[in-house]
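All figures in this text were calculated on a predicted structure; none of them were measured in a lab.
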Amino acid sequence: MSDRHEHSHPHHHRHSLRHRLSHLLTPHSHETADKVDSALESSARGMRALWVSLAVLGVTALAQAFVVAVSGSVALLGDTVHNTADALTAVPLGIAFVLGRRAATRRFTYGYGRAEDLAGLVIVLTIAASAAFAGWTAIERLLDPRPVQHVPAVAVAALVGCAGNEWVARYRIRVGRAIGSAALVADGLHARTDGFTSLAVLLGAGGSALGWQLADPIVGLAITAAIALVLRDAAREVFRRVMDAVDPALVDRAERALTEVPGVRGVGELRLRWIGHRLRAEVAVVVDGTVTVREAHRIAVDAEHALLHAVPRLTAALVHADPAPVPGEVDPHLALAHHTVA
């Protein structure tokens with residue numbers, strides 16, 4: 001069995017030539033400090049993404065707020081509120097990243113990485129609230145049409161809002177996917193919804209300039225529908241993470257890596273789960289039942305080693321060695337059968 005973070009990896013003659021060459025040519029280590037450094041670097045990248053996007057959205061919201069004060073545009077006011085809310089979603093996610101750096105305790109034995117999932121839920125609720133607000137504002141304007149004042153200034157502010165939100169969306173989504181943070185990806189999708197809202201303000205202002213007062217609310221309703229689609233994608237991503245879903249391709253990749261480990265005769269139960277933006281694995285491998293405990297442990301360590309190389313963002317693996325079944329032998333797990341939940 002192997003779940004150690006501090007272990008050496010001696011090279012065995014049974015390892016393939018390719019495996020040994022990869023050790024010689026590629027510097028690597030799986031010591032505790034290296035895993036912690038990698039985790040901290042991921043959190044640091046997430047924090048940088050939050051701070052940069054917060055600054056961009058803050059400047060965008062301030063610029064729009066100035067135009068709102070001059071023009072009195074209700075549509076632009078709604079867009080400014082959206083941008084401000086989007087900037088503020090960085091707060092729960094930033095708290096989650098900070099919590100994720102804390103070491104595991106006897107109460108939180110897996111650490112605090114799941115705080116990101118809670119932040120993701122907050123972000124999804126914020127997107128839902130933005131969609132509801134946009135829809136309500138559009139319906140209200142549809143029932144009570146009003147002309148838009150200072151259309152050129154409103155159009156420029158809308159363009160600024162659209163450009164700022166789209167840049168932030170791309171940045172957050174790129175970093176979120178790079179570090180495996182579903183919450184940061186959802187936050188990026190939220191920024192994109194506000195970009196759509198800014199575009200609606202621009203199109204509505206254009207329609208108003210042409211004398212069509214209903215242009216603003218009609219486009220607003222269309223953008224509300226687009227926000228609802230983005231909400232669906234973000235909610236699906238966060239829901240899957242909360243339910244411990246992983247990409248099946250990662251499971252296939254882990255199984256292939258395990259079958260190539262010398263001494264592994266088969267792969268039994270294999271589980272992967274996200275804890276924040278890091279992966280953890282639990283797996284049972286089948287080994288020769290006649291080997292010594294030390295040899296079985298060595299195979300388990302080699303299996304963990306292979307997983308750490310093969311699965312991106314995997315930081316820990318618990319590998320259990322099962323003896324290969326012998327004809328007529330009683331299943332050693334039979335004593336646990338009555339504990340299995342149907």
Side-chain angles (χ1 to χ4, degrees), residues 49-90 123 126-127 129-142 145-176 185-231 233-234:
L50 290 177
W51 282 115
V52 171
S53 58
L54 178 62
V56 172
L57 290 177
V59 171
T60 300
L62 285 175
Q64 289 185 316
F66 175 77
V67 178
V68 168
V70 174
S71 67
S73 171
V74 176
L76 187 59
L77 173 61
D79 190 35
T80 304
V81 171
H82 291 164
N83 288 330
T84 302
D86 188 32
L88 292 178
T89 58
I123 291 168
T126 303
I127 297 176
S130 297
F133 181 81
W136 177 78
T137 303
I139 292 174
E140 183 185 45
R141 182 61 61 89
L142 190 64
R146 282 169 287 174
V148 177
Q149 304 296 327
H150 301 284
V151 173
V154 173
V156 171
L159 285 174
V160 171
C162 183
N165 275 290
E166 181 58 24
W167 186 90
V168 167
R170 290 174 180 268
Y171 183 44
R172 286 179 175 176
I173 292 172
R174 184 177 70 252
V175 175
V185 171
D187 209 17
L189 293 173
H190 180 208
R192 181 157 288 164
T193 65
D194 287 345
F196 291 154
T197 305
S198 297
L199 187 60
V201 174
L202 176 63
L203 296 177
S208 297
L210 296 175
W212 188 29
Q213 293 186 5
L214 293 181
D216 185 37
I218 290 176
V219 173
L221 287 175
I223 296 303
T224 299
I227 293 175
L229 293 177
V230 176
L231 172 63
D233 294 339

Original post:
Where do Val156 and Val67 land on the side-chain contact (heavy atoms from CB on, under 4.5 Å) test, with the steps shown first?
Top reply: CA-CA 9 Å; Val156 171; Val67 178; over 6 Å; no
Original post:
Between Val52 and Trp167, is a side-chain contact (heavy atoms from CB on, under 4.5 Å) present by the stated rule, with each step listed?
Top reply: CA-CA 11 Å; Val52 171; Trp167 186 90; 3.6 Å; yes
**OP:** Check step by step if side-chain contact (heavy atoms from CB on, under 4.5 Å) holds for Arg192 and Ile173.
**Re:** CA-CA 10 Å; Arg192 181 157 288 164; Ile173 292 172; 4.0 Å; yes
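The two residues Leu50 and Ser53 come nearest to each other via the heavy atoms O-OG, 3.0 Å. Gly188 and Ala169 make their closest contact through O-CB, 3.2 Å (heavy atoms, listed as atom of the first residue, atom of the second, distance). The nearest pair of heavy atoms linking Gly161 to Thr60 is CA-CG2, 3.5 Å.
Taking CG of Leu57 as the reference point, atom CZ of Arg172 lies at 5.5 Å (rounded to 0.5 Å). Taking OG1 of Thr126 as the start and CG of Leu231 as the end, the distance is 10.5 Å to the nearest 0.5 Å.
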